[in-house]
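Data block below; observations after.
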Amino acid sequence: MDHVEELLSMDLKQSIKKKDRGAQKHKWAVLSMSSIPLIMTLGNSMFIPVLPTMEKKLAISPFQSSMIITVYSIVAIILIPLAGYLSDHIGRKKVILPSLLIAGIGGFISGWAAWKMTDAYWLILIGRALQGVGAAGAFPIVMPLVGDMFKNEKDVSSTLGIIETSNTFGKVLSPILGALLAGVTWYLPFFSIPVFCVFSTLLMIFFVKAPKSKEKPIPFKQFFQNIRKTFTHNGKWLNAIFLIGAILMFVLFGVLFYLSEMLETTYEITGVKKGLILAIPLGALCLTSFITGKIIKENKVLMKWIIFAGSTLLGISVIVLSFSHLLMFMISLFFFCGIGIGAVLPCLDALITVGIEKEHRGTITSIYNSMRFIGVAAGPPVLAILMDKTGHLLFYILCGCSLLAAFASFIAIKPDKEEPAH
């Protein structure tokens, strides 16, 4: 009897050890995947505080310096759907790993040109375009990879919350890290990108084991017929999520541009201090994304109402911004803007990932990420035009966009009626 009890005890201990090892592997896999949005965000936003220095060092205009940011987003917008299609057919890691290496090579080319060449601008743009190619095949593919790896909707939504938090943390860190690296030498931010990409590549190789698909790739023609069916069955709520994602990024990057301009022109705050102030609303966004990802679990009805409430809070915060230009008042309102956006993003990620079948997940989430990139690319230039031409009207326009997102979520997202496409 004692021998039997001893055997049972040993089996229990082994079972506990296996569970602990599984939990440890799970944590490392999530950490590895989270490194990708962090690095891709740093790879673009980190250059924003460095642009004035680049204008002096390269003898270029403000418009030319803005292209160093814009070319990255434009290339990514074009290639993200193709990357999603490839990931559905050849596998997520087979797209992500080469993309990380391409992004690293692009960063090295830009850094080398800035370091060694007297007329470096055009080669820097080529390097930035290569980074955009890498970005298209990296971050957008992480979302469907999470959906593939975790079968439980609660695990999917929780992990996506962490992924979105990592993306947002990159935005928080970017202005500070960019200013610090440029303080050593102005082109050092370019050289930091290949280092980050190699680190993320190694993490993905060793710690992320993507499930192997036993199904043969669908023929090209059949694939697009199935995508059309997906939109036929789910088009209403999918289009709403695409619209909301684009609006949120448009408003976020628009108000960050506005705050950045106000800090520099009205309050003469620059450098790392400016980066720290910009990090306050982004920090609120980051923390809210993390908390939301933990609480929504698989509750799609809760997701809908968080999207509605977060978009409404964003609209109210933006319109109240028009009342005063006092620094503490603006920072407080931007803090609430961050909370509103941070609450919505993990819900959008979870709905679009768990609501689409695995074989189409890469393509659909890639279209969604393209829409987000459009918002990122459009926000700063549109706000620059509005600030020059319209005065307080820009706040009404941003508020209207935010309330449009809330309205779209209320009308189009109906979790009780959603069915996966077949």
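For Arg128, the salt bridge (charged side-chain N to carboxylate O under 4.0 Å, His left out) test picks out no residue, with sequence neighbours left out.
Shown here is Phe169, whose CZ atom has no more than 12 heavy atoms of other residues, nucleotides or ligands within 6.0 Å. Shown here is Phe335, whose CZ atom has no more than 12 heavy atoms of other residues, nucleotides or ligands within 6.0 Å. Within a 6.0 Å sphere centred on NZ of Lys93, other residues, nucleotides and ligands contribute more than 12 heavy atoms.
Two rings, from Phe373 and Tyr368, have their centers 6.0 Å or more apart.
In this structure, CG in Leu130 is found 7.5 Å from CD1 in Ile102, a value given to the nearest 0.5 Å. To the nearest 0.5 Å, atoms CG (Leu31) and CZ (Phe207) are separated by 8.5 Å. From Leu38, atom CG reaches atom CG of Leu42 across 5.0 Å, with rounding to the nearest 0.5 Å. Atom CG of residue Leu404 and atom CD1 of residue Ile247 lie 4.0 Å apart, to the nearest 0.5 angstrom. How far CD1 of Ile193 is from CD1 of Ile105: 13.0 Å, rounded to the nearest 0.5 Å. To the nearest 0.5 Å, atoms CG (Asn167) and CD1 (Ile39) are separated by 12.0 Å.
At least one donor-acceptor pair closer than 3.5 Å links the side chain of Ser289 to the backbone N or O of Gly342. Under the 3.5 Å distance criterion, the side-chain polar atoms of Ser110 are matched with a main-chain donor or acceptor of Ile124. Ser409 contributes a side-chain N or O that, together with a main-chain N or O of Ala406, makes up a donor-acceptor pair within less than 3.5 Å. In this structure, the side chain of Ser200 does not engage the main chain of Phe196 through any donor-acceptor pair within 3.5 Å.
For the pair Arg372 and Asp349, the salt-bridge criterion is met [side-chain N within less than 4.0 Å of a carboxylate O].
By the 30° and 60° cut-offs, the orientation of the rings of Phe410 relative to Phe308 is tilted. Using the six-membered ring where Trp is involved, Phe334 and Tyr258 have ring planes that are tilted, between 30° and 60° apart.
In this structure, the side chains of Leu248 and Leu348 come closer than 4.5 Å at one or more pairs of heavy atoms.
Within the structure, ring-ring contact (aromatic ring centres under 6.0 Å, His included) pairs that include any residue of residues 30-49 comprise Phe47-Phe190 (at least two apart or interchain).
Of the N and O atoms on the side chains of Ser166 and Ser34, not one donor lies less than 3.5 Å from an acceptor on the other residue.
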